[in-house]
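This report refers to the structure that appears directly beneath it.
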Amino acid sequence: MGRWLKTLKPYTFSIIIVIALLVIQAICELTLPDYTSRIIDTGIQGYGVEHVCPEKITAEEFEYAKLFMDEKEEKLWNDAYNRNGDIYEIKYTDEKVLDDLDKELAIAIVLDGQVSGLDEEALLKILEESPDVTPEVLGITEYPADLRPAIKNMQDAGMMDDSMLEEMKTKVSEQLDALGGEELQMSMGRAHAKVLDEQAGVDIYAKQQGYLGRTGGIMIVVAVIEAAAMILVSFFASRIGAGVGRDLRGKVYSQVMKFSNAEIEKFSTASLITRTTNDIQNIQMTTTLALRLVLYSPVMAIGGVIRVATTGAGMWWVIAAAILAIVGIIIFLFALVIPKFAVVQKLVDNINRITREIVTGLPVIRAFGNEKKEVERFKGANMDLYKVQLFINRAISFMYPSFMFVMFGVSTLIVWVGAHRIDEGYMRVGQMTAFITYTMLIIMSFIMLTVMAVMIPRAAVAARRVDEVINTDSSIKNKPDATVLADTKGSVEFDNVNFAYPGADENVLSNISFTAQAGKTTAIIGSTGCGKSTLIQLIPRLYDVSDGSVKIDGTDVRDIELKSLREQIGYVPQKGILFSGTIKSNISYGNTDATDDEIKEAAVIAQAEDFIEKKEEGYESPISEGGTNVSGGQKQRLAIARALAKHPKIFIFDDSFSALDLRTDKRLRKALKENVGDSTVIIVAQRVSTIMNADLILVMEDGKIVGRGTHQELLEGCDAYKEIAQSQLTPEELLGKGVSANA
């Protein structure tokens, strides 16, 4: 996690923008259900009437409403309207002022509406407490009946005082609280306000359409803002994720470039490829989704809970039950799935390793007719990965239907409970719709977090694997006071060198001491596996010695700055390696400033000029990946030309003439002697004919030097060399009269 946060540090500003956009997106999404509720409750069911106080009211109704108001309420009522002829028009437009007015006058308006249209049963129930007062006494002969004229007469006659009015309002308030509380109170008040508006000539249809248009317009604007925020969040999150992937790939690549062979072998090539590609891709994808979901989901969940609380639906227990069900599913599934993620990465490594071996070894596989065996080997590794991934995918596929079951089950429960509450007057239809929407948003937030919870452990495994590479220091590195080579002669000295591979119990090289002098050719010969290639890899510090020292012009290579050291060396590996590009780009690989003449000269010395000139595009001829469009001998000659174009002081040829015919081999060695005579030349070879004219020949067996000298000296004094020479050369060639006589 710490490494991930450090990786995100350069993108702090972009992350702040993402957070701000996510907040905007969440606010918009949480706002939309509220407007949906308003459209249903106010726009459709309430005909666009938003407040208890009517927009317009006739003078008669205006006076009747005062019958149920105390002095404070009556003052608010009078102050709220302007008279225009026989019509009173409300003078406030501020929503907050109107809301406050609604709260103060709601009971009076509701009571006015109730008393203005009583049926016979409701009237008799009210008159039960006054046996002497009957409908006939009040002059009521038809229903619904309007009691307000009678109440006004009673007030004028002193038969009803303020205490009686207050008692009446208290009873109505208690009844409303018992049935549906403030919500029912406001709903009844707005219903009476609609009647009063109609009586005053307000076009209710136009009012309704206007409200629906305004609210719908606001919803469209909010939806557009949300969409814009969502697009920008996706853009910035993707950009940050891609940047993190780029940075990690750069760090891994830079670190791998510093690795010695020991670190490469520790991780394996297949694993390094997986870590650089698949693992970083996982981290990149998780970073992008984390910025979009991990930050967004909690905001939505918390915001949804707050909104649910404000609906006043009284069904919080439904949310709690849904969350508990989801959390239970998550815990159960994660206990099964998370341990499998680490296994998957190792199996992917194995697939990459086997695939790489099969692809690179395809000619050998075909030559030995082992295609079926390799198919079975790949199939076995593939099936191992298949089984683990199938288990994970089945577990995850079970998770989503479970979540859907919870979601739809909760929706059904909300509708069932909500219907009863609507029937009892505690809720409105729009409120229930909003409650369902907010509940779905809360559940979806948990589902999104679950998606991330599935991805994050896998990304964490990938991050640890990438972190291992980044935090692994190369065993080959510069000392703080490393020397920069200048005016190098190129003399190479091995002083009592011992070497063992990391983790090995026995030395590969033991007590190696010799000097390869500048201007002379030193050759190394011996049986396969005797340590020849390992020995020369100590010179450019592909490995470091275990004991002793390797020196160039008397300076230990470990004290020389690495770049300076390797600039002095032209290394041609045992296997000629070419890069995709052109012949020219491959020859100039070690010296990008090489002129065309220098490139051509190197090709001529390396005996590559003939086949290059035969190609239609010459030096601009393309080289495919791995040099697969040239032969083994051509590949070796181009690799030799690459070393020559660098103009180093030390040439190291690691069995790099093996693919050349004897004639080309002879011409190449002759050209080398004529053109690089002032450099140190070290040749590792299997063929005696290649090295028989060297100034110094070292014979190796089991990691030790068992003979040294010229060709003739070794024939006379070294049995191992004599045995090799006799197995390869005729008696005439042994005496220097054969094919190599003029080399």
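The first residue in the sequence is number 1, and the count goes up from there.
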> Listed by chain and number, what are the salt bridge (charged side-chain N to carboxylate O under 4.0 Å, His left out) partners of Arg465, not counting sequence neighbours?
Replying inline: Asp279, Asp349

> Under the salt bridge (charged side-chain N to carboxylate O under 4.0 Å, His left out) test, which residues partner Arg214, sequence neighbours left out?
Replying inline: Glu50

Below 3.5 Å, can you tabulate the donor-acceptor pairs from side chains in residues 28-35 to any protein atom, sequence neighbours excluded?
{"unit_1": "Glu29", "atom_1": "OE1", "unit_2": "Tyr296", "atom_2": "OH", "d": "2.4"}
{"unit_1": "Thr31", "atom_1": "OG1", "unit_2": "Ile27", "atom_2": "O", "d": "2.5"}
{"unit_1": "Asp34", "atom_1": "OD2", "unit_2": "Arg38", "atom_2": "NE", "d": "3.3"}
{"unit_1": "Asp34", "atom_1": "OD2", "unit_2": "Arg38", "atom_2": "NH2", "d": "3.1"}

> Do you know the tightest heavy-atom contact between Pro298 and Leu293?
Replying inline: CD-O, 4.1 Å

> In chain order, what residues pass the side chain to side chain donor-acceptor pair (under 3.5 Å) check against Glu74, with sequence neighbours excluded?
Replying inline: none

> Which pairs, with at least one residue in residues 199-212 and sequence neighbours excluded, count as a salt bridge (Lys or Arg N to Asp or Glu O under 4.0 Å)?
Replying inline: Glu55-Lys207

>> side chain to side chain contact (heavy atoms under 4.5 Å, CB included), that's the test. Do Ile470 and Val252 meet it? Break it down for me.
In response: CA-CA 6 Å; Ile470 295 174; Val252 170; 4.0 Å; yes

> Which pair of non-hydrogen atoms, one from Asp70 and one from Glu73, has the smallest distance, and what is that distance?
Replying inline: OD1-N, 2.8 Å

>> Quick one: does any side-chain atom of Asp102 pair with a main-chain N or O of His51 as donor and acceptor, under 3.5 Å?
In response: no

> Does Met285 have any side chain to side chain contact (heavy atoms under 4.5 Å, CB included) partners at least two apart in sequence or in another chain, and if so, which?
Replying inline: Asn282, Leu289, Met455

>> Between Ile240 and Ile15, is there a side-chain heavy-atom distance shorter than 4.5 Å?
In response: yes

>> Holding to ring-ring contact (aromatic ring centres under 6.0 Å, His included), I want the full list of residues that pass it with Tyr211, two or more places apart in sequence or in another chain.
In response: none

> So, Trp77 side chain and Phe62 main chain: donor-acceptor pair closer than 3.5 Å or not?
Replying inline: yes

> Side chains of Met407 and Met444: closer than 4.5 Å at any heavy-atom pair?
Replying inline: yes

> OG1 of Thr58 to OH of Tyr64: how many Å apart, nearest 0.5 Å?
Replying inline: 9.5 Å

> Is there a side chain to side chain contact (heavy atoms under 4.5 Å, CB included) between Thr36 and Met219 once you walk through the steps?
Replying inline: CA-CA 8 Å; Thr36 303; Met219 288 185 73; 3.5 Å; yes

> Side-chain contact, heavy-atom cut-off 4.5 Å: Leu196 with His192?
Replying inline: yes

> If you round to the nearest 0.5 Å, how far is OG1 of Thr433 from CD1 of Ile39?
Replying inline: 11.0 Å

> Is Asp467 reaching over with its side chain to a backbone N or O of Ala463, donor-acceptor style, under 3.5 angstrom?
Replying inline: no

>> Within a 6.0 Å radius of atom CZ on Arg394, are there more than 12 heavy atoms belonging to other residues, nucleotides or ligands?
In response: no

> Looking only at heavy atoms, which two atoms of Lys194 and Ile204 are closest? And how far apart?
Replying inline: O-CD1, 4.1 Å

>> Check whether Thr215 reaches the backbone of Leu212 with its side chain - one donor and one acceptor, N or O, closer than 3.5 Å.
In response: no

> Who are the salt bridge (charged side-chain N to carboxylate O under 4.0 Å, His left out) partners of Glu226, not counting sequence neighbours?
Replying inline: none

> Looking at CE of Met188 and CD1 of Ile107, how far apart are the two atoms once the value is rounded to the nearest 0.5 Å?
Replying inline: 9.0 Å

>> To check you understand the geometry: which heavy-atom pair defines the closest contact between Ala193 and Cys53, and what is its length?
In response: CB-C, 4.4 Å

> Which pair of heavy atoms, one from Arg190 and one from Val49, lies closest together, and at what distance?
Replying inline: CD-O, 3.3 Å

> So which heavy atom on Arg292 is nearest to which on Leu22, and how close?
Replying inline: O-CD2, 3.9 Å

> Could you give the distance from CD (Glu104) to CD1 (Ile109), rounded to the nearest 0.5 Å?
Replying inline: 12.5 Å

> What's the spacing between Ile443 CD1 and Phe408 CZ if we round to 0.5 Å?
Replying inline: 10.0 Å

>> Can you confirm whether Arg239 sits close enough to Ser14 that some side-chain heavy atom of one is under 4.5 Å from a side-chain heavy atom of the other?
In response: no

> Quick one: are Gln284 and Val244 in side-chain contact, heavy atoms under 4.5 Å?
Replying inline: no

>> Could you work out, with salt bridge (charged side-chain N to carboxylate O under 4.0 Å, His left out) as the rule, every residue matching Lys96, not counting sequence neighbours?
In response: Asp100

> Going by heavy atoms in the side chains, are Val410 and Val406 under 4.5 Å from each other?
Replying inline: yes

> Going by heavy atoms in the side chains, are Ile392 and Val344 under 4.5 Å from each other?
Replying inline: yes

>> For Asn278, give me all partners under side chain to side chain donor-acceptor pair (under 3.5 Å), at least two apart in sequence or on another chain.
In response: none

>> Which residues pass the side chain to side chain donor-acceptor pair (under 3.5 Å) test with Tyr11, not counting sequence neighbours?
In response: Arg246, Asp247

>> Just verifying a value: how many Å separate Ile17 CD1 and Leu232 CG, rounded to the nearest 0.5 Å?
In response: 9.5 Å

>> Quick test of your reading of the model: are Glu71 and Lys75 salt-bridged, counting only N-O distances below 4.0 Å?
In response: no

> What residues form a side chain to side chain donor-acceptor pair (under 3.5 Å) with Asn78, not counting sequence neighbours?
Replying inline: Lys66

>> Between Leu98 and Ile90, is there a side-chain heavy-atom distance shorter than 4.5 Å?
In response: yes

> So Tyr88 and Tyr81, would you call those rings parallel, tilted or perpendicular, with 30° and 60° as cut-offs?
Replying inline: perpendicular

